[in-house]
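Some notes on the structure that comes next.
Letters A, B, ... are given to chains in the order of the sequence lines, protein chains preceding strands, and every chain is numbered from 1.
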Number of protein chains: 2
Amino acid sequence: MGRPSQPLISRDAAFRAALTVIDREGLEAFSVARLAEEMNVKVPSLYHHFRHKGEILAGVARLIMVEADDLKRWPRGPWKEVFENLTVSAWRAMVRHRNAMPLIFQFPPRSVVLGSYERNINVLEKKGVPRHQILRLLQGMDSILMGAAFVAASADPDSTGVFPAFDPHAFPALAAVAGASDMNHEDLLRATMRTFMDGVSPDLPEENAVTAGAEVA
Amino acid sequence: MGRPSQPLISRDAAFRAALTVIDREGLEAFSVARLAEEMNVKVPSLYHHFRHKGEILAGVARLIMVEADDLKRWPRGPWKEVFENLTVSAWRAMVRHRNAMPLIFQFPPRSVVLGSYERNINVLEKKGVPRHQILRLLQGMDSILMGAAFVAASADPDSTGVFPAFDPHAFPALAAVAGASDMNHEDLLRATMRTFMDGVSPDLPEENAVTAGAEVA
DNA sequence: ATTATCTATAGATCTATAGATAATGC
DNA sequence: ATTATCTATAGATCTATAGATAATGC
């Protein structure tokens, strides 16, 4: 066959195809051979673009974090509301690619994460959030986001609520309090974020005035 | 050789040996053959005790969560303080076994988690925490815990602070705010938990009195 | 008779490389 | 001359099973 007129493979296309395979069939099912098949290409051709399998997997992890971060465009509005919505978007991206979660653990895309922190710091500063609160806020939200993604992604995708099906006789106290709540994972994430943001940055009347005046496009 | 007088293998011993291998050499390095070697035993002998590899890995995930939960003994004292310390213990257990993190994702030990919720609900009720706050509190803390474990476990184990080494010229805003803070992962977890707990359950004077009187052994 | 080990091995993968071939771009 | 594909294959693993063997416990 020899070299084709149009390249059949690009690194980016390979990352996307790999993610598709992982989304559809799970991380265990992924292999270089499986990826080649998905791209209608032969295995050694992929090794022309990548040194080893780990390079592909790291690219997939990066792709997901870029997708999660890409939505963080900070439209105008009160920063808590905007920040909450953007974090939910990031959470959705991670849950959408739940099968790939271990990759984000194994190949943390540091530059993407650092870039996201950098921009969010700048926006929060412009929005008038006191400087000493900013790092606290971002790091806490990051923990909450990653935890919620981890928990939701590892949960049974078919179950409606947050808890898996359980025998109420075996866990009576849980049955009593869980029965009262019908929150899903996303509601829970929002509630946790709001409580946390209000805790770090209480809505003092003067502060609201400052924040409202310091909004950013 | 035939059957030995004393059994060489128990399921529990196998789980522990597997965890040792994973802690020491990583999840990738784990195989049934590697486990057999670690236990000075042959591969088919392990298949006498387990149907397949996944059964072993699920047991490892369970073992870690039991270790994380085992410390939750609720000594007497103000519930926020006690709850914070117990959550830090659980976090430490997970970070100690960071290499196994993907297993907790892949084989979530539901019964252990449900049991932990059940007991914690009972204790918080006895400590006088208002009923409607309890589920909110436990679920939020769970997210924060899992997120902090995920983030800390995927971080460079050698780096001192929370952020990986980065070029301050590339991320100036981050450099400015991060330079001011010298928190490590554990400090950060504690700060986030406190903020969250105070947010869900503010320290009203009357409530403090009730809580103090309702402590549990 | 049952249980817990072993030896031996089937059979399926899977990663990665060597070397041929044909299109491209200087 | 370089680049991007292919064919062919080495070589390493890895999971799991079949069947022999010897100790146990009824």
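Salt-bridge annotation for B:Arg194 and B:Glu81: absent, with no side-chain N of the basic residue lying under 4.0 Å from a carboxylate O of the acidic one. A salt bridge links A:Arg24 with A:Glu38; the closest basic N to acidic carboxylate O contact falls under 4.0 Å. Checked for salt-bridge contact, A:Arg110 and B:Asp156 miss the test: no charged N lies under 4.0 Å from a carboxylate O.
For the pair B:Phe30 and A:His49, both in contact range of DNA chain D, the more 5′-proximal nearest nucleotide belongs to A:His49.
Within the structure, side chain to side chain donor-acceptor pair (under 3.5 Å) pairs that include any residue of residues 163-176 of chain A do not occur (at least two apart or interchain). Sequence neighbours left out, the pairs with a member in residues 45-57 of chain A that pass side chain to side chain donor-acceptor pair (under 3.5 Å) are A:Arg11-A:Glu55.
Under the side-chain contact (heavy atoms from CB on, under 4.5 Å) criterion, B:Lys80 pairs with B:Met197, B:Asp198, B:Ser201, B:Asp203, sequence neighbours left out.
Taking a heavy-atom distance under 4.0 Å as the criterion, the stretch of DNA chain C touched by chain A extends 5' to 3' from C:dC14 to C:dT24.
Between the A:Trp91 side chain and the A:Ala148 main chain, a donor and an acceptor come within less than 3.5 Å of each other.
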Test salt bridge (charged side-chain N to carboxylate O under 4.0 Å, His left out) on B:Asp23 and B:Arg98 and set out the steps.
CA-CA 7 Å; B:Asp23 285 344; B:Arg98 43 158 63 87; over 6 Å; no
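Only one option out of B:Ile64, B:Val60, B:Ile22 pairs with B:His97 in a side chain to side chain contact (heavy atoms under 4.5 Å, CB included); it is B:Ile64.
Sorted by residue number, the members of residues 3-15 of chain A with any non-hydrogen atom under 4.0 Å from DNA chain C read A:Arg3, A:Ser5.
The strand DNA chain C forms stems, runs of 3 or more Watson-Crick or G-U wobble pairs with distances below 3.5 Å, at C:1-24 with D:1-24.
A donor-acceptor contact under 3.5 angstrom links the side chains of A:Arg62 and A:Ser111, judged on distance only.
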